[in-house]
Protein chains: 2
Amino acid sequence: MTMPRPNELPADLGRSATYLMVRLGKHAQASFTAGIEPLGLRPPHYDMLVTLAAGMASSQKDLSDVLRVDQARLVALLDEMEEAGFVTRSQDPADRRRNIVVLTKEGERVVARGRRIAADVERELVPLKGSQREEFTAMLRRLVDTARD
Amino acid sequence: MTMPRPNELPADLGRSATYLMVRLGKHAQASFTAGIEPLGLRPPHYDMLVTLAAGMASSQKDLSDVLRVDQARLVALLDEMEEAGFVTRSQDPADRRRNIVVLTKEGERVVARGRRIAADVERELVPLKGSQREEFTAMLRRLVDTARD
DNA sequence: TATTGTTATACTCTATAACTATA
DNA sequence: TATAGTTATAGAGTATAACAATA
């Protein structure tokens with residue numbers, strides 16, 4: 001029997017950007033999930049909070065559009081963040097269908113801590129220096145933007 | 001209210017390789033899943049079949065090691081592939097705990113069709129030319145290998 | 001009629017523990 | 001004792017449809 005060495009992969013997978021991206025995405029997800037777990041957050045929570053911190057969303061619909069997360073999922077995620085004291089929801093007087101979502105002081109603090117953890121995880125995940133790292137990130141960004149169209 | 005344009009993302013996410021890899025991984029997964037759905041396969045099925053086709057695994061344990069897929073998951077996945085007529089399982093006479101998994105003719109045909117679909121999906125997902133595409137794929141491979149240690 | 005938020009549901013993926021048969 | 005395969009279970013992520021309130 002062939003004894004597969006740890007880093008062997010069939011060529012159809014090991015040379016497939018598709019397969020490698022899926023695999024890397026899962027690894028990145030797992031690392032970041034473990035990193036922020038002590039904050040009481042999972043990745044989609046962090047994404048929401050950071051979006052609010054950047055002022056890029058004020059309603060649940062905004063969050064849904066920016067993050068491409070289903071509206072129905074946001075409800076439970078925001079319930080959890082509200083219960084943790086990281087956000088508040090209040091009806092928009094100008095359009096009473098909408099909820100205005102606001103970061104609390106406590107929410108801002110947890111975002112700051114999350115950012116530091118995100119930076120740590122990223123250094124471990126992508127061990128590249130200076131311009132090489134920036135080029136790689138820029139390439140990822142281009143592919144994501146292409147996919148968003 | 002700010003009207004977020006489609007491709008805007010908070011800097012904390014849009015410049016995070018971690019976030020972008022997660023997102024790209026999910027998109028790649030979804031595209032490939034949709035692509036091979038007509039073959040009656042999902043990505044983990046294809047990965048198994050292609051690993052068998054490459055001769056890199058003969059038992060379920062081998063598949064588990066190469067693909068880093070839990071042994072318990074393989075059982076159901078192989079059940080489905082066996083029922084579809086793409087693989088056969090038979091007890092290894094030399095070690096009767098082991099199942100020897102073999103691709104059928106039908107299995108080889110579906111692998112060939114899957115490869116073509118994988119190539120199509122990849123072209124759409126990573127619209128780069130020649131050396132740029134190869135460099136990007138090589139970088140992904142390096143990061144995956146780092147993560148595998 | 002269309003939109004925002006909500007509820008309910010179901011399916012996949014994943015991880016885990018416990019079992020069996022063999023070694 | 002340890003290993004290969006199996007079974008059962010439960011949690012997280014995701015997608016969908018249907019509903020209430022409001023526009």
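Heavy atoms only: backbone and side chains are in, while hydrogens, waters and symmetry mates are out. A, B, ... follow the sequence lines: proteins, then strands. Residue 1 opens every chain.
Here the P atom of nucleotide D/dG13 and the CG atom of A/L67 are 14 Å apart, to the nearest Å. Distance, B/L74 CG to D/dT6 P: 9 Å, rounded to whole Å. Remark: C1' of D/dT7 and CG of B/D79 are 11 Å apart, rounded to the nearest angstrom. Rounded to whole Å, atom P of D/dA20 lies 18 Å from atom CG of A/N99. Taking atom CG of residue A/L63 and atom C1' of nucleotide C/dT3, one finds them 16 Å apart after rounding to whole Å. Rounded to whole Å, atom C1' of D/dA12 lies 14 Å from atom CD1 of A/I36. Across the protein-nucleic acid pair, A/F32 atom CZ and D/dG13 atom C1' stand 16 Å apart, rounded to whole Å. Distance B/H45 NE2 to C/dC13 P: 8 Å, rounded to the nearest Å.
Salt bridge A/R116/A/D120: absent, no basic N to carboxylate O contact under 4.0 Å. Residues A/D145 and A/R141 are paired through a salt bridge, judged by an N-O separation under 4.0 Å between the basic side chain and the carboxylate.
A search for side chain to side chain donor-acceptor pair (under 3.5 Å) contacts involving A/R115 returns B/D12, not counting sequence neighbours. When the side chain to side chain contact (heavy atoms under 4.5 Å, CB included) test is applied to B/E37, no partner is found at least two apart in sequence or on another chain. Judged as a side chain to side chain contact (heavy atoms under 4.5 Å, CB included), and not counting sequence neighbours, the contacts of A/Q91 are A/R96. In this structure, B/K129 has no salt bridge (charged side-chain N to carboxylate O under 4.0 Å, His left out) partners at least two apart in sequence or on a different chain. A/D70 is linked by a salt bridge (charged side-chain N to carboxylate O under 4.0 Å, His left out) to nothing, counting only residues two or more places apart in sequence or in another chain.
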Check nucleotides 21-23 of chain C against the protein and report each pair of N or O atoms closer than 3.5 Å, with its distance, or say if there are none.
{"from": "C/dA23", "atom 1": "OP1", "to": "B/R96", "atom 2": "N", "distance (Å)": "3.2"}
{"from": "C/dA23", "atom 1": "OP2", "to": "B/R96", "atom 2": "NH1", "distance (Å)": "3.4"}

Can you check nucleotides 14-18 of chain D for protein contacts, nitrogen or oxygen pairs under 3.5 Å, and list what you find?
{"from": "D/dT14", "atom 1": "OP1", "to": "B/K26", "atom 2": "NZ", "distance (Å)": "2.8"}
{"from": "D/dT14", "atom 1": "OP2", "to": "A/R73", "atom 2": "NH1", "distance (Å)": "2.4"}
{"from": "D/dT14", "atom 1": "OP2", "to": "A/R73", "atom 2": "NH2", "distance (Å)": "3.3"}

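B/Q60 comes within 4.0 angstrom of sugar-phosphate atoms only, judged by non-hydrogen atoms across all strands, and of no base.
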Ignoring hydrogens and angles, write down the donor-acceptor pairs under 3.5 Å from the side chains of residues 38-46 of chain B, residues two or more places apart or on other chains.
{"from": "B/R42", "atom 1": "NH2", "to": "B/E80", "atom 2": "OE1", "distance (Å)": "2.9"}
{"from": "B/R42", "atom 1": "NH2", "to": "B/E80", "atom 2": "OE2", "distance (Å)": "3.4"}
{"from": "B/H45", "atom 1": "ND1", "to": "B/R42", "atom 2": "N", "distance (Å)": "2.9"}
{"from": "B/H45", "atom 1": "NE2", "to": "B/E80", "atom 2": "OE1", "distance (Å)": "2.6"}

List the atom pairs, donor and acceptor, that lie under 3.5 Å between side-chain atoms in residues 28-36 of chain A and the rest of the protein, sequence neighbours left out.
{"from": "A/S31", "atom 1": "OG", "to": "A/H27", "atom 2": "O", "distance (Å)": "3.1"}
{"from": "A/T33", "atom 1": "OG1", "to": "A/Q29", "atom 2": "O", "distance (Å)": "2.6"}

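The 5' end of DNA chain C is approached more closely, in terms of each residue's nearest nucleotide, by A/Q71 than by the other of B/L77 and A/Q71.
The side chain of A/R42 sits closest to D/dA12 out of C/dG5, C/dC13, D/dA12.
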